[in-house]
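Each remark here refers to the structure printed beneath this line.
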Amino acid sequence: MDTVARVPRHVAIVMDGNGRWAKKRLMPRFFGHKQGVDALVRTVEACADRGIEYLTVFAFSSENWKRPTEEVSGLMSLVLVAVSKYLAKLAGEGVRIRIVGDRSQVSDKVRAAWDEAERTTAGNRRITLSVAFNYGGRWDIVQACQQAIAAGVPAHELDEAKLGSYMAMNFAPDPDLFIRTGGEVRISNFLLWQVAYSELVFSDCLWPEFGTVQLDAALADYASRDRRFGRVNSADVATEAGA
Ligand code: FPP
């Protein structure tokens with residue numbers, strides 16, 4: 001088997017199912033998002049304990065502005081609540097926080113909270129938590145192209161590595177493992193460029209219920225995969241050569 005590493009260096013998660021989780025409890029959707037923050041904090045800690053170096057989560061997509069106004073403002077206010085409740089704890093645990101996405105459209109308060117989270121944790125190296133906020137995979141590809149053009153990169157010099165250097169996640173290796181909770185089986189415009197060779201795991205678990213059991217199941221699934229990156233399996237080559 002050609003599997004590169006049993007523990008992924010980089011895990012990306014679409015944290016889906018908050019609304020349904022709340023609805024099942026006859027609670028407003030915001031309650032689900034609030035519990036979602038707690039699930040996120042548990043998951044960062046569990047990933048760090050397992051030696052995962054990068055965790056990237058989809059917290060607010062470019063398309064989420066189309067949700068009802070009160071849900072959008074609830075998610076924005078949750079940023080402030082989450083940063084004031086958890087920043088010191090995560091910083092003390094060696095978590096580096098980075099925000100990826102278009103910050104130009106968020107309020108000054110939200111931008112200031114994200115800036116504070118990045119500044120406070122900039123020296124941490126145990127695990128990097130990247131929060132994709134006002135992020136879309138297509139937005140990322142377009143903004144990378146815009147930056148390359150603005151920098152005067154000639155067309156014949158623009159290859160995958162060069163364009164990748166302008167992408168929002170240019171500081172991290174591509175995700176090895178992509179997890180989506182909530183039962184839907186799609187990428188939903190998350191990290192389109194970077195998931196080219198990621199192993200995909202879809203879980204029916206609603207995000208607020210995600211814990212170490214579900215994480216370990218996804219990691220075990222990942223560890224059993226044969227990652228070939230477009231190559232053939234080396235065992236098959238050996239068999240044919242010997243035949
Ligand atoms: C999708 O569930 C989830 C979101 C759009 C938001 C995810 C946000 C969090 C988990 C909180 C983390 C936030 C911060 C600020 C760090 P959904 O609402 O689409 O669920 P549904 O499919 O059941 O309706």
Side-chain angles (χ1 to χ4, degrees), residues 11-47 54-91 93 95-103 105-118 120-121 127-137 139 168 178-191 202-211 214-215:
V11 175
I13 307 185
V14 175
M15 309 178 288
D16 197 13
N18 296 342
R20 279 166 285 160
W21 183 87
K23 194 174 172 194
K24 272 182 17 186
R25 286 158 183 79
L26 306 177
M27 296 294 280
R29 295 175 58 81
F30 179 73
F31 183 64
H33 295 315
K34 207 159 158 282
Q35 295 296 311
V37 174
D38 295 344
L40 171 56
V41 171
R42 288 197 304 270
T43 303
V44 186
E45 293 170 342
C47 285
Y54 298 89
L55 172 66
T56 303
V57 295
F58 210 2
F60 191 87
S61 79
S62 315
E63 290 73 34
N64 284 156
W65 295 105
K66 296 175 195 151
R67 293 192 174 208
T69 319
E70 61 275 20
E71 183 168 352
V72 171
S73 50
L75 282 164
M76 295 297 158
S77 70
L78 200 52
V79 172
L80 312 179
V81 172
V83 168
S84 75
K85 187 169 173 194
Y86 287 117
L87 178 57
K89 178 176 160 64
L90 293 175
E93 290 168 353
V95 178
R96 178 172 193 178
I97 297 175
R98 302 187 77 139
I99 313 304
V100 289
D102 182 359
R103 290 189 214 193
Q105 288 168 311
V106 302
S107 71
D108 290 348
K109 273 189 182 170
V110 169
R111 204 175 307 117
W114 284 143
D115 288 349
E116 187 196 354
E118 286 191 329
T120 309
T121 62
I127 185 170
T128 297
L129 167 65
S130 302
V131 181
F133 200 85
N134 195 21
Y135 174 90
W139 164 84
F178 173 104
I179 302 171
R180 179 177 185 137
T181 61
E184 310 287 359
V185 184
R186 53 178 170 255
I187 307 285
S188 293
N189 200 19
F190 190 36
L191 301 175
F202 296 95
S203 164
D204 287 335
C205 164
L206 302 175
W207 176 249
E209 288 166 350
F210 193 83
Q214 290 78 9
L215 176 65

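Counting starts at 1 for both ligands and their atoms, in listed order. Along the sequence shown, residues carry numbers from 1.
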*Taking the side chain from Arg180 and the backbone from Arg186, do they hold a donor-acceptor pair closer than 3.5 Å?*
yes
*Partner of Glu209 under salt bridge (Lys or Arg N to Asp or Glu O under 4.0 Å), chosen from Arg25, Arg20, Arg42*: Arg25
*asked:* Once you measure the plane-to-plane angle for Trp139 and Tyr135, does it fall in the parallel (<30°), tilted (30-60°) or perpendicular (>60°) bin?
replied: perpendicular
_I need the Ser203 OG to Gln214 CD distance, nearest 0.5 Å._
6.0 Å
*Contact residues of ligand 1, where a non-hydrogen atom lies under 4.0 Å away*: Met15, Asp16, Gly17, Asn18, Gly19, Arg20, Arg29, His33, Gly36, Val37, Ala59, Asn64, Arg67, Val79, Trp207
*Looking at residues at least two apart in the chain, or sitting in another chain, which of them share a side-chain hydrogen bond (donor to acceptor under 3.5 Å, both in side chains) with Tyr54?*
none
*Passing option when Val57 is tested against Leu40, Val14, Val11 for side chain to side chain contact (heavy atoms under 4.5 Å, CB included)*: Leu40
